[in-house]
Structure formats: structure tokens, C-alpha cells
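Okay, so here's the structure we're looking at.
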Amino acid sequence: MTSFRMAEMTWPDYHEALAQDPVILVPVGATEQHGPHLPLSVDVILPTAVCEGVAARGGYLVAPPLAYGYKSMPRSGGGQHFPGTTSLDAASLVAQVKDLTREFVRHGARGIAFIVGHTENLWHVSEGCDLAYRENARLAEGLRILNVGYWQFLPAETASAIFGTTQIDWDMEHAGIMETSMMLHLRPDLVHMERLVEHAPSRVPGYELWPYDIDAVPSDGVLNTAGAATAEKGKQFLDAYVRSLAAALGDAFK
Ligand SMILES: [Zn+2]
């Protein structure tokens with residue numbers, strides 16, 4: 001196999017690669033505000049990097065990412081009121097997961113893993129996987145479909161080393177230390193640390209309310225402080241995610 005990036009392959013190369021029965025990894029991101037210091041594509045860049053790290057170990061292909069995701073919720077993404085946040089209704093996301101699964105199955109794939117980079121996608125991708133499995137399992141013997149958020153695999157020792165605790169409120173980490181550090185490691189050209197303003201964490205309540213209180217969301221879109229982010233921490237996060245996700249996928253698709 002010359003590459004693991006599906007988008008860079010010719011169709012005969014892709015066809016030949018599929019004969020080795022690889023698991024197809026599909027990053028599922030979002031186009032969403034990530035504060036004044038990070039680009040709108042953070043939730044695409046980060047899961048794609050984790051997928052590529054896993055795929056570099058062999059046995060995987062990385063499909064082109066889904067660049068749009070489910071709506072930004074105030075509690076975990078700041079909400080839909082920010083310019084740039086460009087979201088899908090749940091039915092659209094579910095349909096994309098179903099359509100992609102059908103196509104990969106038609107190509108001959110029997111292992112498909114959706115690697116989510118945006119919290120709000122998780123349940124909708126689950127629904128897409130469930131419907132896709134129901135529709136395709138009879139056609140494709142041995143079919144397995146997996147859904148996971150890449151950040152859900154932070155080993156305890158990495159969490160303690162960086163945060164000083166293993167109790168992390170991932171919703172509040174939107175545009176925070178983890179995402180900012182990984183972007184500093186992977187794409188420092190897209191990070192503007194000088195634009196960060198230290199402020200109190202988000203005061204959005206734990207329930208979801210329509211309409212939500214815009215004033216409870218920090219006006220810059222950063223839900224918690226990102227000032228302690230560094231490229232070194234970003235490399236620690238990425239290495240840890242690649243290692244633990246590769247182990248989990250190895251178990252799920254053995
Ligand atoms: Zn994000």
C-alpha cells in the first residue's frame with residue numbers, strides 16, 4: 001500500500017488496498033467557532049490527525065473527513081449564534097453516515113470506524129451507524145461499524161500529567177487547553193495565541209434550553225481558559241490518543 005489516504009489514491013490502488021481488508025477510518029468533524037485564536041476547522045483537523053497516526057501503523061485507510069457536523073450546543077461548543085459556525089440538522093448527519101457506510105460496503109469494506117471530533121455529533125453518528133448496520137449487515141457478512149470520539153481515549157497518566165487530575169469536563173474544554181495544544185503542535189500557522197483573553201469559565205447551565213441565554217456563553221467562544229496550552233502538550237495528547245485508539249480499534253476489529 002503506497003498511502004493510507006483514500007483521497008490520494010487512484011481507484012485501482014484503492015480497490016487493491018481494500019482486498020487487504022483494512023478498516024476504513026472516517027473523521028467526522030464540524031465547521032464551528034473555536035474562539036478568537038483557533039480556526040473553524042479544529043474539529044476536522046484533530047480527528048484527521050489522530051486517524052492518520054493510527055493508519056500509519058498499517059491495516060487502516062483514512063477516508064476524506066466529513067467537514068460539517070451537528071449543531072453547536074451552548075454547553076459544549078458555545079452555541080449556534082457565532083458567525084462561522086455552520087451546522088447540519090441531525091437527519092442530514094445521520095443520512096451522511098448511512099450513505100458513506102453503504103458506499104464503503106459496496107466497495108467491499110467490512111470494517112468502518114467513524115472517529116468523531118465534535119461532541120455534538122456523537123449520538124447522531126450512533127444513530128447513523130445503527131441504521132446503516134440494520135440495512136447492510138445482511139449484505140455484508142462480518143460487517144462491523146464503530147463510533148467513538150477521539151478524546152474519549154486519554155490515558156489517565158497523560159490526563160494527570162497535563163491537567164493534574166483525571167476528572168476532566170470535556171464539554172468545557174471547547175477551544176481550551178487540549179484543542180489549542182494539539183493545534184499548536186499540528187498547525188501552529190493557524191493559531192493566534194496573542195488573541196486569547198483570560199476570562200471566567202462559561203456559566204451555561206447543565207440543561208438545554210430554547211432559546212438559550214447568549215449572555216451566559218463567553219463572548220469570545222472559549223468555554224474555559226486555554227492560556228496553559230503548549231505545542232509539547234499537544235504532542236503528548238496526540239501520541240496518547242493514537243496509542244489508545246489503535247489499541248481500542250485493534251480489540252473491536254480483531
Ligand atoms: Zn472542537
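When a ligand or atom number is given, it counts from 1 through the structure's own listing order. What you see is a predicted model, and the numbers here were worked out from it, not measured in a lab.
- Side chains of M182 and E179 form no contact here, defined as non-hydrogen atoms less than 4.5 Å apart.
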Ignoring hydrogens and angles, write down the donor-acceptor pairs under 3.5 Å from the side chains of residues 240-253, residues two or more places apart or on other chains.
residue : atom : partner : partner atom : Å
S244    : OG   : F153    : O            : 2.5
S244    : OG   : A240    : O            : 2.8

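- Counting only N and O atoms by type, the side chains of T10 and D13 include a donor and acceptor under 3.5 Å apart.
- A ring-centre distance under 6.0 Å is not found for H185 and F237.
- Classified by interplanar angle (parallel below 30°, tilted 30° to 60°, perpendicular above 60°), the ring pair H34/H174 is tilted.
- Counting only protein N, O or S atoms, the number found under 2.8 Å from the Zn ion (ligand 1) is 3.
- Side-chain atoms of S72 and Q33 include no donor-acceptor pair closer than 3.5 Å.
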